[in-house]
There are 2 protein chains.
Amino acid sequence: MKKDVNLTVQALQRMPYYLQCLRKVKENGIQIVSATAIANELNLNDVLVRKDISMICTTKGKPKTGFIVDELIENIEDYLGYNNTMDAILVGVGSLGKALLGNSEFNKFGLNIIAAFDIDEDIINQVICGKKVFAIEKLQNLCERMHIHIGIITVPAEFAQEVADKFVNSGIKAIWNFALIKLSVPEDVLVQNENLAASLAVLSQHLRNEMDENK
Amino acid sequence: MKKDVNLTVQALQRMPYYLQCLRKVKENGIQIVSATAIANELNLNDVLVRKDISMICTTKGKPKTGFIVDELIENIEDYLGYNNTMDAILVGVGSLGKALLGNSEFNKFGLNIIAAFDIDEDIINQVICGKKVFAIEKLQNLCERMHIHIGIITVPAEFAQEVADKFVNSGIKAIWNFALIKLSVPEDVLVQNENLAASLAVLSQHLRNEMDENK
DNA sequence: TGGATATCGATATTGTAATACTGATAAAAT
DNA sequence: ATTTTATCAGTATTACAATATCGATATCCA
């Protein structure tokens, strides 16, 4: 059973951590776990964990003991859609694109990249990590035929908007965007930006502080 | 000249977008830009943009016109450390690790991965994308000798803490962690988590909402 | 059996980031 | 020259996520 609610983005992003933590706990043979224990493991506030759990889990916790691990795992996996995989296509078979195609981990997270697209004649019709690369012109046809709703953008920033437009025309409703640009899309289409440069910025600032302190 | 302040993580993560936007503006031959224009381009609030700029830029804006594009670019690049590259090492030469090694874009963001490490005998001593792969045992020595302060973790979650410990012992002060686990490190070491599963969770939730609406 | 304790769940408080508001200022228009 | 307008910069407000508090309850231990 799945609760039909929407989490905040922050709460949602904590879920995979809960799941990872719970699986580890389960591996150790533990069947009941408290929100406090999870919080300690993940360096989070215990009330926050309890709140997150209560948002999407039908399970109630028992005072003094906690929650049943299996039920939590099942509830979270259900909510995150890990049990019914989403098919996706990827555009831009560069180094990053290839890495994503080759990342078998994604299947565990309910994502299945079924095909890739590019404009480079040398790559088109090749098979990379078991996935065929098509010419970009075939995108719309394939998406409509296969009812694909997730598109991944791993092209350079200057071509990203163009790809996004093609996506929208092909019925894509959720875009995973690795290009450093804010895409313009209709309201009903979600863009999840993966911003590696932003992460580097955070690292850089910290490093600068550290160096300044020790100089 | 660089302002010696700390931005919030959110503000910091907007900086690469400002930069990308400003470079595009500059390419179009525009020399002065208003915070309002940037905000519109990036779908942000104009006051927010102005505040972010004022935090790290010595430049003052002129009413009715805006800011000098070149000065903004220089200030942001300086702040993000794009002009003096940071050397980094990477542990875990799987599909993701290889992708990061091969991503020449990082140099633009001031990151230079100088070497990689793994435990797989078949990979050790190979050269991947111009970077040599060493046995993990050589990590500490190399880091200390080369004064490396940034470490990238692309190993499976179960080995990530072990790698992090090695990093800490080797003088690493900032860790870019692609494993789905919260690492325990001393206070002065920063961990930037790159959580691809979390992004997928966001996509999944949106898709579920879309499907529910149209059923 | 009774008291101590850990946890739950609900509510209140806090803290912080984003947004709105206000007056000042420089450029453009009349 | 004067008015209008777009923008800046500082302050106030709002919104929301994270945290703290409190009573209730189930388990453990004496």
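We name chains A, B, ... by the order of the sequence lines, and we start the count at 1 in each one. This is a predicted model, so every value here is computed, not measured.
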Check whether any side-chain N or O of [X] sits under 3.5 Å from a backbone N or O of [Y] as a donor-acceptor pair, and report yes or no.
{"X": "His149(A)", "Y": "Ala174(A)", "value": "no"}
{"X": "Gln161(B)", "Y": "Ser184(B)", "value": "yes"}
{"X": "Ser170(A)", "Y": "Lys166(A)", "value": "yes"}
{"X": "His206(A)", "Y": "Val191(B)", "value": "no"}
{"X": "Glu41(A)", "Y": "Cys21(A)", "value": "no"}

ask   = At what distance, to the nearest 0.5 angstrom, does CD of Gln205(B) lie from CG of Leu200(B)?
value =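 That separation rounds to 13.0 Å.
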
What heavy-atom pair brings [X] and [Y] nearest, and what distance separates the two atoms?
{"X": "Gln192(B)", "Y": "Gln13(B)", "value": "NE2-NE2, 3.8 Å"}
{"X": "Met146(B)", "Y": "Ile114(B)", "value": "CE-CD1, 3.6 Å"}
{"X": "Phe167(A)", "Y": "Ile89(A)", "value": "CE2-CD1, 3.4 Å"}

Where along [range] does a heavy atom fall under 4.0 Å from DNA chain D?
{"range": "residues 31-46 of chain B", "result": "Ser34(B), Ala35(B), Thr36(B)"}
{"range": "residues 7-29 of chain B", "result": "none"}
{"range": "residues 190-204 of chain B", "result": "none"}

ask   = With Thr154(B), which residues qualify under side chain to side chain contact (heavy atoms under 4.5 Å, CB included), at least two apart?
value =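 So Thr154(B) forms a side chain to side chain contact (heavy atoms under 4.5 Å, CB included) with Leu90(B), Leu96(B), Leu100(B), Ile152(B), Phe178(B).
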
query = Which of these passes side chain to side chain contact (heavy atoms under 4.5 Å, CB included) with Val49(A): Leu44(A), Thr36(A), Leu42(A), Asn40(A)?
reply =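 When Leu44(A), Thr36(A), Leu42(A), Asn40(A) are each tested with Val49(A), the side chain to side chain contact (heavy atoms under 4.5 Å, CB included) holds only for Leu44(A).
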
ask   = Salt-bridged, Arg50(A) to Asp46(A), with N to O below 4.0 Å?
value =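 Yes, this pair counts.
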
message = Under a 4.0 Å threshold between the charged nitrogen and the carboxylate oxygen, would Lys24(A) count as salt-bridged to Glu27(A)?
response =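 No.
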
task = Go through Asn75(A) and Glu71(A) one step at a time and tell me if the side chain to side chain donor-acceptor pair (under 3.5 Å) criterion holds.
result = CA-CA 6 Å; Asn75(A) 273 283; Glu71(A) 289 183 10; 5.5 Å; no

Short N/O separations, protein against nucleotides 25-30 of chain C, under 3.5 angstrom:
residue	atom	partner	partner atom	Å
dA27(C)	OP1	Lys62(B)	NZ	3.4

key: Start and end of the DNA chain D segment that chain A contacts, any atom under 4.0 Å from a heavy atom   =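 That gives a stretch of dA17(D) to dT27(D).
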
key: Length of the CZ-C1' vector between Arg50(B) and dG23(C), whole Å   =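 Rounded to whole Å, this separation is 14 Å.
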
Geometric cation-pi criterion Lys182(B) and Tyr17(A), 6.0 Å radius, 45° cone =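 Yes, Lys182(B) sits over the ring of Tyr17(A).
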
